[in-house]
Amino acid sequence: MMASDEATRSIEHDSLKYHLLGPSLTKAGQDAVDQTKVSEIIYNASKGSKFFNNEEAKDKNLTEKISKVLAKRRQLEQLDLTSDLRRADDYIAELELGRDLSQVIVHLDCDAFYAAVEELDRPELKDVPMAVGKGVLTTCNYHARKFGCRSGMAGFVAMKLCPQLICVPMNFAKYAAKAEEVREVLTQYDPGFESASCDEAYLNLTEFCNEHHMTPEDAVSQMRADVYAKAKITVSAGIAANAKLAKICSNKNKPNGQFLLASDRQTIMEFMRDLPTRKVNGIGRVFERELDAIGVKTCGDIYAHRAYLAKLFGQKAFQFLMQCYLGLGRTVIKRAEDYERKSVGTETTFKELQSPDALREKLRHIAEELEGDLKRTEYKGRTLCIKIKLHTYEVHTRQSTPPFAVHKADDLYKYSLPMLEKLMKEIPNMKLRLMGLRVTHIISTKKPGIDFFGRVKTSSSTATKAPTLKNEETWETWPEEEFEEAARQERNDEMNELEKLSQEYQGQHDSATKSDAEDQRPAVAEEHWQCPICTVAQPPNDATFNAHIDFCLSKQTIKEAVRSTEPPMMEKQQPGSASKSIANRGKRGRPKNETLPLDQQAREKRRAFFSLGNGSA
DNA sequence: GCGGATCAC
DNA sequence: TATGGTGATCCGC
């Protein structure tokens with residue numbers, strides 16, 4: 001009995017220790033590291049902390065979840081799975097029909113980007129273990145990686161692994177400038193390239209190779225040399241038939257290397273057959289463990305389990321895994337700013353707080369932060385979400401829908417406070433280490449350039465359309481006149497037209513919350529009239545109403561058609577939307593920076609940086 | 001639609 | 001001495 005308990009605990013701690021190695025375990029530079037020793041050090045450095053206890057609890061939950069999965073599989077195996085098997089095979093056949101091997105897709109990844117930039121300024125750091133970021137490492141150089149240091153690791157843990165580690169603070173402006181240098185080179189090769197993040201990009205080099213009569217390998221070699229010549233930083237690249245494969249390949253010969261995966265089915269299938277599941281973007285520590293539990297260690301292993309994967313993990317996961325097995329991925333590379341943003345939020349960690357007054361004050365502060373973000377990104381949101389993390393690292397979220405789209409700190413606070421109060425009741429003596437606010441179902445507040453009927457609006461015609469409304473210039477400040485034309489050109493995005501429109505009417509209303517609240521009766525009903533289909537609000541007028549419904553229905557159809565062609569699951573996170581606003585900012589110029597407190601300025605810079613896309617070239 | 005959870009960077 | 005922030009997606013209910 002004792003021995004069995006011991007064994008169980010030991011196994012559980014094995015999985016916990018593996019988990020504690022962190023999310024970036026499979027990154028380059030760790031191959032030669034003794035992970036057992038590293039995990040032992042991390043484990044001992046963390047043991048007993050609240051963080052550790054929470055990780056331990058999560059690990060236990062996962063262990064339970066996995067045993068349920070295994071039980072369910074045993075149950076399924078008793079049943080007749082032939083129809084599921086046929087469904088899976090049909091899906092594979094369907095996917096195979098759509099396989100596109102005609103494109104040359106490249107994933108480009110800067111090597112230890114922040115660290116590399118710092119080393120340019122301080123060459124003496126090149127030869128010693130060095131990391132960027134305090135508290136939590138954002139990245140570290142390859143010397144540090146030899147000790148087991150990784151991005152995302154707590155600073156004090158990294159110091160245990162490597163006491164001589166030098167940590168330098170982040171300097172966002174520097175990285176942003178360097179990233180821009182890289183992007184300037186990439187534009188020469190594919191003007192439609194996609195910034196996946198500040199140090200990663202996808203390119204479609206099919207056209208470039210054809211026009212210049214170059215092999216993909218030569219083109220990428222040259223591109224990497226160009227990047228180095230221009231920016232003095234090394235990049236690694238993967239070349240393959242689609243984005244998923246290219247991403248995996250860019251890690252093969254890191255740092256400062258490239259890898260080409262030949263675009264024929266046989267080669268791809270063999271490549272996937274031996275590829276550990278964790279190497280695929282979208283399979284993290286948890287899913288890796290779940291797959292491992294059913295005997296799937298590599299993408300090739302997936303096939304044998306195809307009959308019950310959908311029932312065990314869901315339809316989306318099934319489709320995703322089938323694409324992993326086949327080595328399929330998207331072949332369409334979109335500019336980052338063509339992705340539509342879905343939410344805007346902010347959150348912050350702080351020294352534990354408990355008193356209701358302090359928590360309310362924190363919420364108020366976060367509301368003001370979010371107001372600033374919403375102003376910059378030019379959005380407001382119909383749904384408001386509050387997030388809290390207890391001192392135990394347990395996370396909770398609550399959301400509500402205010403009577404109108406919110407963007408002002410007063411409103412953000414007003415409508416999130418009840419959620420916080422409710423949480424304080426639900427969780428007695430609530431002690432927090434983090435609080436955050438986010439708006440979803442967002443609506444653009446960009447100045448509309450197109451009116452409801454699709455006509456281009458001129459400033460003089462504004463009055464004829466909505467005579468009762470205030471002068472537009474008074475309800476929100478707009479960028480300088482010289483940027484207006486550029487801004488107008490960006491507004492040709494079809495899917496956004498409705499949302500642009502909504503702001504014309506709604507914008508005026510929600511900025512007058514006080515009078516709305518006083519004028520109780522139909523104010524909310526009329527002033528905040530909402531289209532049953534989309535997010536548009538408009539005045540109660542039959543003609544415009546009918547026109548709108550027609551318009552809206554046609555858009556809805558298009559939207560669904562588009563959605564159904566989208567690749568399933570986490571083929572790609574969509575960072576691009578974040579860059580939309582910054583792309584605009586690049587063109588329009590940054591709003592004048594009023595004097596902010598120093599930490600605020602740092603915040604601003606950080607946000608500006610993380611939002612950089614490929615539009616600012 | 002809501003809340004929890006996972007994932008990427 | 002003390003383990004991040006932003007955004008997206010999926011699942012079960």
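Lettering of chains follows the sequences in order, A, B, ..., and the numbering in each one begins at 1.
Going from atom NZ of A:Lys134 over to atom C1' of C:dT3 covers 16 Å, rounded to whole Å. Nucleotide B:dG4 holds its C1' atom 12 Å from the CD atom of A:Gln399, rounded to whole Å. In this structure, A:His19 places its NE2 atom 12 Å from C1' of B:dC7, rounding to the nearest Å. Straight-line distance from the CD atom of A:Glu426 to the C1' atom of B:dG4: 14 Å, rounded to whole Å.
When all heavy atoms of A:Leu412 and A:Leu384 are compared, the closest pair comes out as O-CD2, 3.5 Å.
For the pair A:Ala45 and A:Gly314, nearest-nucleotide mapping onto DNA chain C gives the more 5' position to A:Ala45. Nearer to the 5' terminus of DNA chain C, by closest-nucleotide assignment, is the contact made by A:Gly155 (compared with the other of A:Gly155 and A:Ser343).
A distance of about 15 Å separates the C1' atoms of C:dG4 and B:dC7, rounded to the whole Å.
Using a 4.0 Å heavy-atom distance criterion, A:Arg433 is classed as a sugar-phosphate-only contact. Counting any heavy atom pair closer than 4.0 Å across all strands shown, A:Gly135 reaches no nucleic acid atom. A:Thr383 comes within 4.0 angstrom of nothing in the nucleic acid, heavy atoms only. Across all strands shown, A:Tyr393 has heavy atoms under 4.0 Å from sugar-phosphate atoms exclusively, and none from any base. Contacts of A:Arg285 with the nucleic acid, taken as non-hydrogen atoms under 4.0 Å apart, involve only primed sugar atoms and P, OP1 or OP2.
At least one cation-pi condition fails for A:Lys47 and A:Phe52: the charged atom is not both under 6.0 angstrom from the six-membered ring centre and inside a 45 degree cone around its axis.
Looking at A:Asn242 and A:Thr331, their side chains never bring a donor and an acceptor atom within 3.5 Å of each other.
For A:Thr346 and C:dT6, the shortest distance from a side-chain N or O to OP1 or OP2 is below 4.0 Å.
Taking the six-membered ring where tryptophan is involved, the planes of A:Tyr114 and A:Tyr175 are essentially parallel, since the angle between them stays under 30° and well short of 60°.
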